[in-house]
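Worksheet for the structure shown next.
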Amino acid sequence: QVQLAESGGGLVQAGGSLRLSCVASGRTASRYVTGWFRQTPGKDREFVGRITWGGGSTDYADSVKDRFIISRDNTKNTVHLQMNNLKPEDTAVYYCAAGAYYALLPSMYPYWGQGTQVTVSS
């Protein structure tokens, strides 16, 4: 089992930046992919980006490409989502997830954090 906890959400004006963190505990010795997803009320969970265990590969949704950056520090069991040039449409609850596969679908990630709210005002 891997437990995940996100932090760093909040309220920011459009054009601003936030950095979310996802700290893992439990079976952190297992190598896993970390994905970031977001969700707004009434909508399905949306893929934001993912990073491999070694950090050598990352992938982003088109809507956040060139604005968001995912990085990880395995010595601290932490993955970061740096969000720049935020837009009101980025407003959502953001979740990190862990799994064995470099997947796009939320269903491929068995472990999830509780989520952190990001609100971008115009």
Side-chain angles (χ1 to χ4, degrees):
Q1 290 281 348
V2 176
Q3 292 81 43
L4 304 173
E6 303 97 336
S7 62
L11 173 64
V12 64
Q13 288 187 332
S17 298
L18 281 175
R19 188 174 83 154
L20 306 184
S21 298
C22 173
V23 179
S25 60
R27 287 187 59 185
T28 57
S30 300
R31 299 191 170 196
Y32 54 90
V33 172
T34 301
W36 283 95
F37 297 82
R38 64 188 183 186
Q39 190 170 25
T40 53
K43 294 190 175 181
D44 292 336
R45 206 160 283 191
E46 174 190 21
F47 170 78
V48 173
R50 56 187 174 173
I51 187 167
T52 54
W53 167 254
S57 292
T58 54
D59 184 34
Y60 303 92
D62 287 344
S63 58
V64 306
K65 201 170 293 185
D66 298 328
R67 299 189 297 122
F68 289 13
I69 300 170
I70 300 174
S71 61
R72 71 188 305 152
D73 182 351
N74 289 336
T75 65
K76 299 180 179 178
N77 299 320
T78 301
V79 175
H80 297 292
L81 176 64
Q82 176 68 42
M83 304 186 295
N84 301 316
N85 190 21
L86 283 160
K87 304 176 181 181
E89 51 264 42
D90 293 319
T91 295
V93 177
Y94 283 71
Y95 299 89
C96 65
Y101 302 102
Y102 195 55
L104 293 172
L105 295 176
S107 59
M108 296 298 292
Y109 291 84
Y111 306 111
W112 290 82
Q114 81 287 353
T116 184
Q117 176 71 46
V118 171
T119 303
V120 184
S121 63
S122 57

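Keep in mind that this is a model prediction, so the values were computed, not measured. All residue numbers refer to positions in the sequence shown, counting from 1.
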Start with the C-alpha gap between Ser63 and Glu89, add the side-chain angles, then the distance that decides, and say whether side-chain contact (heavy atoms from CB on, under 4.5 Å) holds. CA-CA 10 Å; Ser63 58; Glu89 51 264 42; over 6 Å; no
In sequence, state the C-alpha distance, the side-chain angles, and the governing distance for Gln3 and Val23, and then conclude on side-chain contact (heavy atoms from CB on, under 4.5 Å). CA-CA 8 Å; Gln3 292 81 43; Val23 179; over 6 Å; no
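- Tyr102 OH: more than 12 foreign heavy atoms inside a 6.0 Å radius.
- Of all heavy-atom pairs between Arg72 and Thr52, the closest is NH1-O, 3.0 Å.
- The OG1 atom of Thr58 sits 9.5 Å away from atom CZ of Arg50, with the distance rounded to the nearest 0.5 Å.
- With respect to the salt-bridge test (charged N to carboxylate O, under 4.0 angstrom), the residues Asp90 and Lys87 do not qualify.
- Between Ala98 and Pro110, the shortest heavy-atom contact is O-CD, 3.2 Å.
- Here Val12 sits in one hydrophobic cluster together with Leu18, Leu20, Trp36, Val48, Ile51, Tyr60, Val64, Phe68, Ile69, Ile70, Val79, Leu81, Met83, Leu86, Tyr94, Val118, Val120; the rule is ILVMFWY side chains under 4.5 Å apart, joined directly or through other members.
- Heavy-atom contacts from other residues, nucleotides or ligands closer than 6.0 Å to NZ of Lys43 number 12 or fewer.
- Scanning both residues, Ser17 and Gln82, for their nearest heavy atoms gives CB-NE2, 3.9 Å.
- Aromatic ring orientation, Phe47 versus Phe37: perpendicular (interplanar angle above 60°, classes split at 30° and 60°).
- Of all heavy-atom pairs between Gln114 and Tyr95, the closest is O-CE2, 3.5 Å.
- Gln117 is listed as a side-chain neighbour of Thr91, based on a closest heavy-atom distance under 4.5 Å.
- In this structure the side chain of Arg45 never reaches within 4.5 angstrom of the side chain of Tyr109, judged on heavy atoms.
- The main-chain N or O of Cys96 is found under 3.5 Å from a side-chain atom of Glu6 such that the two form a donor-acceptor pair.
- When all heavy atoms of Ala24 and Leu4 are compared, the closest pair comes out as CB-CD2, 3.7 Å.
- The shortest non-hydrogen separation linking Ala92 to Thr40 is CB-CG2, 3.7 Å.
- Centroid-to-centroid, the aromatic rings of Tyr32 and Tyr111 stay 6.0 Å apart or farther.
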